[in-house]
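Below is one structure; the comments refer to it alone.
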Amino acid sequence: MNITLKNNLPIGIFDSGVGGLTVYRSLHKRLPDERFLYLGDTARVPYGTKSLSTVERYGIENARFLAAHGIKMLVVACNTASALALPAIERAAGVPTVGVIESGARAAVEQAKTKIGVIATEATVRSGAYRRAIERRAPHVNIIEQACPLFVSLAEEGYAETEAARIIANDYLKELRAALVDALVIGCTHYPVLRKVIEETIGEGVMLIDSGEAVAEDTAAALETHGLGRAPDRENLARPRRLCDDLDHFYVTDSAERFSRIAEMFLGSAPRRLEAVEVWGHDQLNAGRKEN
Ligand code: DGL
């Protein structure tokens with residue numbers, strides 16, 4: 001493909017649901033000239049309670065779906081899929097692929113001195129991916145991990161700043177609080193939706209590391225390395241990019257209305273271009289649409 005045409009393709013992003021919007025927001029801010037194709041696999045969320053083979057199959061199907069729509073790079077905006085299946089997803093996508101674990105681990109080691117807490121899904125904690133990525137960079141640091149599965153439902157249901165969220169956060173984070181960690185890695189892209197409650201519960205003086213923010217830097221570096229950056233559009237110089245504007249396209253595998261409502265609560269604007277699709281049971285050229 002002609003280099004300029006390729007550079008003009010969007011960057012694909014996928015997550016099991018609304019969580020990857022936290023990564024989309026960071027990417028959008030860091031890379032305002034880029035376009036994004038976002039897939040939220042809302043019909044099959046949560047991924048964090050599922051087995052390796054299931055998460056791998058979902059990840060491959062999502063990657064094929066996005067590749068069939070034309071992307072130049074893929075960001076796996078899901079810690080669970082990044083932890084369990086990144087190499088298989090990259091093969092299926094056929095384009096350079098960035099996961100969130102390495103970026104989160106790098107940012108944590110830059111911030112923390114002795115004790116790092118990691119909150120993530122059950123599958124991510126069980127995989128040991130964060131532990132390995134942090135220990136590789138800082139072998140002497142003490143790592144304490146905690147799965148917080150209900151945070152995913154609280155985010156998907158729009159229950160982020162409720163009393164229920166505070167009670168659950170208090171229970172999940174009590175050991176990390178008692179252990180006096182220096183930094184807390186938010187190792188699931190759904191959890192930053194609850195950032196305020198997490199911050200209040202873990203207490204002052206603990207640095208929160210959002211792997212989504214860290215991955216935006218790594219994606220910018222990967223675009224540079226592969227020579228895939230998009231030149232600014234002349235007409236857009238006068239028209240600043242806005243989150244969820246019509247230059248980005250969103251797909252979900254279940255109710256578009258529901259996704260739109262949560263996106264608006266979290267990002268302050270609902271996607272202008274949003275469609276419900278089926279990604280499973282199709283090969284990549286047959287990825288099909290379905291009724292909302
Ligand atoms: N947001 C995803 C993650 O970062 C998955 C959450 C889930 O579906 O359980 O792990």
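Order of listing sets the numbers, starting from 1, for every ligand and every atom in it.
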Counting only nitrogen or oxygen atoms and a 3.5 angstrom limit, does Asp15 reach ligand 1? yes
Is it the side chain (CB and beyond), the backbone, both or neither of Val152 that lies under 4.0 Å from ligand 1, heavy atoms counted? side chain
Is Glu175 atom CD crowded by more than 12 heavy atoms from other residues, nucleotides or ligands, each under 6.0 Å away? no
Name the closest protein heavy atom to atom 7 (C) of ligand 1, giving the residue it belongs to and the distance to 0.1 Å. Tyr47 N, 3.3 Å
Is the shortest side-chain heavy-atom distance between Leu223 and Ile11 below 4.5 Å? yes
Joint hydrophobic cluster, Val100 plus Ile134, side-chain heavy atoms closer than 4.5 Å: no
Pick, from His190, Arg44, Glu156, the option with the minimum heavy-atom distance to atom 1 (N) of ligand 1. His190
Is there a heavy atom of Ser16 sitting under 4.0 angstrom from any atom of ligand 1? yes
Would you say Phe250 and Cys244 make side-chain contact, with heavy atoms under 4.5 Å? yes
Look at atom 9 (O) of ligand 1 and say which protein heavy atom is nearest, naming residue and atom and giving the distance to 0.1 Å. Gly48 N, 2.8 Å
Using a strict 4.0 Å threshold on nitrogen-to-oxygen distance, state whether Arg106 and Glu102 make a salt bridge. no
Should you measure from each heavy atom of Pro46, which atoms of ligand 1 turn up under 4.0 Å away? 7 (C), 8 (O), 9 (O)
Which of the atoms in ligand 1, numbered in the order shown and given with their element, are less than 4.0 Å from a heavy-atom of Val45? 8 (O)
The single option from Thr54, Asn79, Asp41 that satisfies side-chain hydrogen bond (donor to acceptor under 3.5 Å, both in side chains) with Tyr47 is Asp41
Between the OG1 atom in Thr201 and the CG atom in Asn170, the distance rounded to the nearest 0.5 Å is 6.0 Å
For the side chain of Ser211 and the backbone of Ile101, is there at least one donor-acceptor N/O pair under 3.5 Å apart? no
Under 4.0 Å from any heavy atom of Cys188, which atoms of ligand 1 are there? 1 (N), 2 (C), 3 (C), 4 (O), 6 (C), 10 (O)
For ligand 1, which part of Thr189 has a heavy atom less than 4.0 Å away: the side chain, the backbone, both, or neither? both
Short version for Thr80: what comes under 4.0 Å of ligand 1, heavy atoms counted, is both
Thr121 heavy atoms, cut-off 4.0 Å: which ligand 1 atoms fall inside? 6 (C), 9 (O), 10 (O)
